[in-house]
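In what follows, a structure is listed as structure tokens, so that the remarks can point back to it.
The structure presented is a predicted model; accordingly, all values stated were derived computationally and were not measured.
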Amino acid sequence: MVKITFPDGSIREYESGVTGLDIAKSISHKLAKEVLAVSVNGETWDLTRGIATDATVKLYTWDDEEGKHAFWHSSAHLMAEALQELYPGTKFGIGPAIESGFYYDIEPGNDIVLTDKDLEAVEKKMVELSGSRQEYQRVDVSKKEALDYFSKRNETYKVELINDLEDGKITYYQQGTFTDLCRGPHLPDTSYIKAIKLTSLAGAYWRGNEKNKMLTRIYGIAFPKQKMLEEWLVLMEEARQRDHRKVGKEMELFMFSQAVGQGLPMWLPKGTMLRDRLESFLRKLQKKHDYQQVITPHITNVNLYKTSGHFQKYGKDSFQVITTPQEGEEFMLKPMNCPHHCEMYKFKPRSYKELPIRFAEFGTVYRYEQSGELHGLTRVRGFTQDDAHLFCMPDQIKDEFKKVIDIIFIIFKALDFNDFTAQVSLRDPNNKEKYIGSDENWEKAERAIIEAAEEKGLKTNVVLGEAAFYGPKLDFMVKDAIGRKWQLGTIQVDYNLPERFELEYTGADNQKHRPVMIHRAPFGSMERFVAVLIEHTGGKFPLWLTPEQVVVLPISEKFNDYAQNVLNLLNNSDIRTVLDDRNEKIGRKIRDNELKKIPFMLVVGENEASQQQVSVRRQGRGDAGSMSIDEFIKLVNKEVDGQLEAIYNY
RNA sequence: GCUGUUGUAGCUCAGGGGUAGAGCACUUCCUUGGUAAGGAAGAGGUCUCGGGUUCAAAUCCCGAUAACAGCUCCA
């Protein structure tokens, strides 16, 4: 007998060799149907693997990441089996579960090139195989056996993987005719996988290395019920509707032009309005936090970047140097603002009493991103950072970090960004030579970041090896409409530039000391931030950011004068307005995509003109009735104030 | 940068070796003056660009370019 401890602390006895599935059956029929995998002493196991010792057990269903993971991983194997049957000679790379769904990297044999059209046939085959209810069987093998088996079948990628594995810890999983090198865990059998959608086909380098061969990666997703797949498809469609590239075009916020160049966005009037408001909001916020606004030029002598070291590291991959009539004189487009701010720091001797010094700049920079990397406004070649550099003494780092976290919190709160994650990026402890700066400084800075985050109640995931080469950092990530993660706010410690620029301050001891520099950008860049903002709101911005808050619609041209009059009164009150005097049917205007995003619509006609009123319609929230213009102004101000309250009372 | 897909009217897209199509939007007119109406007429395109094959290319082939998806990258 073995003692099984459950998450609630209760303990039951079972025959030795009992499986997760048996345990689920002993609890309830329903649970036995829903359970997908089981945690045994913290390790995720197959439901059919026998438990021979006392153990702590947790049953995983679709609601657990681990359950979904086993489900999708099994789906990947099912797909591999289908591919093997349809395309004999296919070599298999790896096929894991991912955040939503799974993929398998394959190399189809016989020079076959798969296209989107083939996916349907694969799906069909998968459904067929799922119907035949094949069991996933776990088999322990020795390294030699595994190597023999896969070498014989010419599975070169699998052989490469096995070579890196430790003997004695190698397992196969088999279902039907397909055998895969795999750690598991898997579902009991293929019949669990009821609804399947293969979503896309793309190239992916073997082991993620650009120098390796490119394999064909097939992405898919699967569910235990057809209905869940349908719901997922609807969700994806809704996400596509919120895509910032689509909304940005519809709302006329920004554009790209082939004539201007790849990755160089142009802000249309309404987008500029929106961006200006975000900038002035941050400007005010930074002023309160004792930042000093500065401005630096767009081109710079290459020597500055040789001093900073960026030219050596990134020069080849940048927009190339600009020459002048003067022999040997070279400039480049500014890829970052930091070196300029360092020069400003050096403008005069600094005392410890001045520190921290905080230079802020909305600095437009140009970086030659690889062409395949460009993506809407989130990844561009010319963008404006809401940049600032804080120069401080080492023991001020933590405090400065906390103040920057405050600013980021205020911004996220004002814009209703709730589901962000924070990541602390530290250096890779096994690869210290990749980084510059002393061990002592790194440790001090890493500790300061972790403590600052903790003291601010910020939950973070700590990732080793993700630090910049010059210092550790704290990043804020937000997801876009289809779940891709983007980094927005960032705070980074830098020991490199103060060193290279020989920055110093005079301490209380009358000695020269080196300051520490902190880079920070709460938005990241105006471009990326606006993109994410659009995807969060679907273009329905908070009132204080809406490019136009009020549209005035005269019902016929007889009332154009009155409408103009209303407009003037509103404009005197700071409310942003737009007049739509096309004098068409109102119903037709309301369908207008452009007007859909404006929160208030004022309809004026005979009744309104005679009583000096307006009929107020709030988009998406129906009719608010007729009221005087003063009353309307109060209404709008109240709503805007309500939103701004969150900011200023924070 | 790599692999793949795509580029036709303002937008969404169909078509396809013989000089160009739909829906929505747009313009004018009619009907209806009041909260997602209906009708008529009209205007809009070097079919991304360059080269080749052909009697003939928007269509087939090659190259460039841009967008999209994924990989790699992101100071």
Next on the checklist: With the six-membered base ring of B:A75 as reference, does the ring of A:Y314 sit under 5.5 Å away with planes under 30° apart?
Outcome noted: yes
Next on the checklist: From the set B:G34, B:C68, B:C74, return the single nucleotide nearest to any side-chain atom of A:R367.
Outcome noted: B:C74
Item to check | A:H375 vs B:A69: side-chain N/O to OP1/OP2 distance below 4.0 Å | outcome: yes
Item to check | Base orientation of B:G44, syn vs anti, 90° cut from 0 | outcome: syn
Next on the checklist: Using Watson-Crick or G-U wobble geometry with both distances under 3.5 Å, which nucleotide pairs with B:U35?
Outcome noted: none
Item to check | All salt bridge (Lys or Arg N to Asp or Glu O under 4.0 Å) counterparts of A:E608, not counting sequence neighbours | outcome: none
Checklist entry - Given that both distances must come in under 3.5 Å, which nucleotide forms a Watson-Crick or G-U wobble pair with B:A41? => result B:U27
Item to check | Distance under 6.0 Å and angle within 45° of ring axis: A:R381 vs A:Y368 | outcome: yes
Checklist entry - When rounded to the nearest Å, what value does the distance between C1' atoms of B:A58 and B:U46 take? => result 10 Å
Checklist entry - A:Y219 side chain: which of B:U35, B:C71, B:A69 is closest? => result B:C71
Next on the checklist: If I take atom NE2 in residue A:H244 and atom P in nucleotide B:A67, what distance separates them, rounded to the nearest angstrom?
Outcome noted: 12 Å
Please write out the pairs of protein N or O atoms and N or O atoms of nucleotides 2-13 of chain B separated by less than 3.5 Å, giving the distance to one decimal.
residue	atom	partner	partner atom	Å
B:C2	O4'	A:Y205	OH	3.4
B:C2	O2	A:Y205	OH	3.3

Checklist entry - So, is A:Q262 close to the B:A66 phosphate, meaning a side-chain N or O under 4.0 Å from OP1 or OP2? => result yes
Checklist entry - Thinking salt bridges, do A:E361 and A:K334 make one under a 4.0 Å N-O criterion? => result yes
Item to check | Polar contact flag, side-chain donor to acceptor under 3.5 angstrom, A:Q262-A:S371 | outcome: no
Checklist entry - Is the A:H519 ring parallel, tilted or perpendicular to the A:Y470 ring (thresholds 30°, 60°)? => result tilted
Checklist entry - Rounded to whole angstrom units, what separation is found between the NE2 atom of A:H310 and the P atom of B:C74? => result 13 Å
Next on the checklist: My understanding is that a pair needs two contacts under 3.5 Å, Watson-Crick or G-U wobble. By that rule, which nucleotide pairs with B:A22?
Outcome noted: B:U12
Checklist entry - How long is the line joining CG of A:L264 and P of B:A66, in whole Å? => result 11 Å
Checklist entry - Mind checking whether A:H77 and A:H73 have parallel, tilted or perpendicular rings, split at 30° and 60°? => result perpendicular
Checklist entry - If we call it a pair only when both distances are under 3.5 Å in a Watson-Crick or G-U wobble match, what pairs with B:G7? => result B:U65
Checklist entry - Atom OH of A:Y470 and atom P of B:A75: how far apart are they, to the nearest Å? => result 6 Å
Checklist entry - Rounded to whole angstroms, how far apart are CZ on A:R379 and P on B:A69? => result 14 Å
Checklist entry - For B:G10, does the glycosidic angle fall within 90° of 0 (syn) or outside that (anti)? => result anti
Checklist entry - How far, in whole Å, is B:A67 from B:C49 if one measures between their C1' atoms? => result 15 Å
Item to check | Option from A:L570, A:I575, A:I598 for which side-chain contact (heavy atoms from CB on, under 4.5 Å) with A:Q549 holds | outcome: A:I575
